[in-house]
Amino acid sequence: MDFQADMHARIVDQLDQERRLKTAIERGELRLHLQPIVETLAGRTEGVEALVRWQDPAAGLRAPGTFLPLAESAGLITDIDRWILRESCLTLRAWQDDDAAGAPDWITVNISAVLLDSPDLPDLVTRTLRETGLRPEALVLEVTETTLMRDVAGTAPRLERLRSTGVRIAIDDFGTGYSSLGYLRDIPADVLKIDRSFLEGLVGSDRHRGLLAAVVQLGHTLGLRVVAEGVEDAEQLAELVGLGCRYAQGYHLARPAPVGQLRAAADLVRG
């Protein structure tokens with residue numbers, strides 16, 4: 001195949017993928033999976049992170065990395081963001097209504113840079129909470145550190161407006177932005193989610209342990225709830241407990257799953 005033919009094939013495939021994703025959103029092929037956020041000492045699931053999947057009729061259940069970049073390039077990301085926000089609020093509200101004692105206290109929802117820049121985001125959040133009946137404090141909106149660092153001065157007022165609705169703000173993937181820590185003083189946030197890269201090489205390394213301890217302490221000093229992401233084994237979890245990190249998530253604790261599966265597993269544990 002020559003270069004032009006190859007380029008034509010790629011363009012046709014791209015357009016077909018965009019069309020199929022748009023149809024998927026319209027037909028209700030998106031699925032919500034939740035990953036528990038666990039209190040490290042008690043082992044209780046206190047929160048969950050909302051994660052989207054695509055139930056593709058042709059390819060089966062697809063992970064977000066296989067279609068979210070496409071959604072961004074095709075201008076579909078805000079449609080997905082809005083779906084996740086509403087579905088997350090509905091799901092947690094129903095769980096809390098059915099099982100007030102066993103349901104998580106909060107749900108975290110990632111919002112894209114595009115949605116963050118939307119002037120109607122606070123109104124969207126307020127309307128969604130009102131229509132679903134979820135308490136504002138039960139919703140945590142996650143913004144990646146990379147997104148925050150595009151324009152700290154411009155982003156901070158947007159986040160403050162969101163917090164004025166009663167929801168909380170989380171800085172996601174902390175440690176990946178290669179930026180000055182000074183911005184943490186200026187960003188109105190409630191939760192600091194430490195990127196999984198901080199846990200790599202943690203066990204048996206005083207250097208790694210010291211760095212993570214400093215980040216955990218920084219978060220606590222600023223009055224933030226600190227969550228370590230990407231916990232893969234019991235040794236990492238033990239290190240986090242020793243460092244005083246109260247919250248963690250990762251495959252060692254629980255994999256993302258549909259809400260029904262998580263609730264069934266919780267019922268089994270409680271006997």
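FYI, side chains are in, hydrogens and waters are out, and symmetry mates aren't considered; it's all heavy atoms of this structure.
Closest of all the heavy-atom pairs between Leu224 and Ala189 is CD2-O, 3.2 Å. Shown here for His33 and Pro258, the closest heavy-atom pair between the two residues is NE2-CG, 3.7 Å. Taking every heavy atom of both residues into account, Ala248 and Thr40 meet most closely at CB-CG2, 3.8 Å. Shortest non-hydrogen contact noted between Arg135 and Leu129 is O-CD2, 4.2 Å. The two residues Pro36 and Leu34 make their nearest non-hydrogen contact at CD-O, 3.9 Å. Here the shortest heavy-atom pairing between Val216 and Val226 reads O-CG2, 4.0 Å.
Checked for salt-bridge contact, Asp81 and Arg86 miss the test: no charged N lies under 4.0 Å from a carboxylate O. Between Arg168 and Glu137 no salt bridge is recorded (no basic side-chain N to carboxylate O distance below 4.0 Å). A salt bridge links Asp56 with Arg20: the distance from a Lys NZ or Arg NE/NH1/NH2 to an Asp or Glu carboxylate oxygen falls below 4.0 Å. Using a 4.0 Å cut-off between charged nitrogen and carboxylate oxygen, Glu229 and Lys193 count as a salt-bridge pair. The pair Lys22-Glu26 counts as a salt bridge, with a side-chain nitrogen and a carboxylate oxygen less than 4.0 angstrom apart.
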Worked check of side chain to side chain contact (heavy atoms under 4.5 Å, CB included) between Thr45 and Ile37: CA-CA 6 Å; Thr45 295; Ile37 299 172; over 6 Å; no
Ser164 vs Glu160, side chain to side chain donor-acceptor pair (under 3.5 Å): CA-CA, chis, key distance, verdict: CA-CA 6 Å; Ser164 71; Glu160 198 59 72; over 6 Å; no
Salt bridge (Lys or Arg N to Asp or Glu O under 4.0 Å) assessment of Arg246 paired with Glu39: CA-CA 6 Å; Arg246 287 192 58 198; Glu39 203 283 326; 3.4 Å; yes
Criterion side chain to side chain donor-acceptor pair (under 3.5 Å) on Thr23 and Arg27, from CA distance to verdict: CA-CA 6 Å; Thr23 301; Arg27 290 182 177 176; 5.4 Å; no
Candidate pair Arg82 and Asp120, rule salt bridge (Lys or Arg N to Asp or Glu O under 4.0 Å), full reasoning: CA-CA 12 Å; Arg82 291 168 185 267; Asp120 71 340; 3.5 Å; yes
Verdict with supporting geometry, Val143 and Leu116, side chain to side chain contact (heavy atoms under 4.5 Å, CB included): CA-CA 8 Å; Val143 183; Leu116 181 63; 3.9 Å; yes
Val48/Gln249 under side chain to side chain contact (heavy atoms under 4.5 Å, CB included): CA gap, chis, key distance, verdict: CA-CA 9 Å; Val48 286; Gln249 69 181 103; over 6 Å; no
Worked verdict on Leu139 versus Cys89 for side chain to side chain contact (heavy atoms under 4.5 Å, CB included): CA-CA 8 Å; Leu139 177 61; Cys89 292; 4.2 Å; yes
Derivation of the side chain to side chain donor-acceptor pair (under 3.5 Å) call for Thr91 and Ser88: CA-CA 5 Å; Thr91 298; Ser88 297; over 6 Å; no
Verdict with reasoning, Glu49 to Thr108, per side chain to side chain donor-acceptor pair (under 3.5 Å): CA-CA 5 Å; Glu49 179 176 357; Thr108 72; 4.6 Å; no
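Within the 4.5 Å cutoff, no side-chain heavy atoms of Glu239 are placed close to those of Leu212. Side-chain contact between Asp123 and Thr165 is absent, with no heavy-atom pair separated by less than 4.5 Å. Between Leu115 and Ile77, the closest side-chain pair of non-hydrogen atoms is not below 4.5 Å. Counting heavy atoms from C-beta outward, Leu199 and Leu240 have side chains that approach closer than 4.5 Å. Within the 4.5 Å cutoff, no side-chain heavy atoms of Leu51 are placed close to those of Pro64. Under the 4.5 Å side-chain criterion, counting only non-hydrogen atoms from C-beta, Leu21 is not in contact with Gln17. Here the side chains of Glu46 and Val38 are not in contact, with every heavy-atom distance at 4.5 Å or above. At a threshold of 4.5 Å between non-hydrogen side-chain atoms, the residues Thr144 and Leu148 do not count as touching.
Classified by interplanar angle (parallel below 30°, tilted 30° to 60°, perpendicular above 60°), the ring pair Phe198/Phe174 is parallel.
With hydrogens and angles disregarded, no donor-acceptor distance shorter than 3.5 Å links the side chain of Asp173 to the backbone of Glu145. Judged by distance alone, with hydrogens and angles left aside, the side-chain atoms of Arg150 form no donor-acceptor pair with the main-chain N or O of Thr146 at under 3.5 Å.
Rounding to the nearest 0.5 Å places CZ of Arg263 at 6.0 Å from CG of Asp99. Atom CD1 of Ile169 is separated from atom CZ of Arg158 by 12.5 Å, given to the nearest 0.5 angstrom. Going from atom OG1 of Thr78 over to atom CD of Glu72 covers 11.0 Å, rounded to the nearest 0.5 Å. Put simply, NE2 on His208 and CD on Gln236 are 11.0 Å apart, with the number rounded to the nearest 0.5 Å. Taking CD1 from Ile194 and CG from Asp172, the interatomic distance works out to 11.5 Å, rounded to the nearest 0.5 Å. Between the CD1 atom in Ile80 and the CD1 atom in Ile25 there is a gap of 4.0 Å [rounded to 0.5 Å].
Under a hydrophobic clustering in which Ile, Leu, Val, Met, Phe, Trp and Tyr are joined whenever their side-chain heavy atoms come within less than 4.5 Å, directly or via other members, Leu141 and Val152 fall into the same cluster. In the hydrophobic clustering of this structure, Leu90 does not group with Leu124; members are Ile, Leu, Val, Met, Phe, Trp, Tyr whose side-chain heavy atoms approach within less than 4.5 Å, directly or through other members. In the hydrophobic clustering of ILVMFWY residues, with side-chain heavy atoms under 4.5 Å counting as a link, Leu85 and Val259 come out together. Residues Val125 and Val191 are members of separate hydrophobic clusters, defined by side-chain heavy-atom contacts under 4.5 angstrom among Ile, Leu, Val, Met, Phe, Trp and Tyr. In terms of hydrophobic clustering, with Ile, Leu, Val, Met, Phe, Trp and Tyr side chains grouped at heavy-atom distances under 4.5 Å, Tyr247 and Ile171 are assigned to different clusters.
For the pair Arg225 and Trp106, the distance from NZ or CZ to the six-membered ring centre is under 6.0 Å and the angle to the ring normal is within 45 degrees. Cation-pi contact between Arg31 and Trp54: absent, since separation from the ring centre below 6.0 Å together with deviation from the ring axis within 45° is not met.
Paired with Arg93 under the rule side chain to side chain contact (heavy atoms under 4.5 Å, CB included), one option of Asp98, Ile107, Leu134 passes, and it is Leu134.
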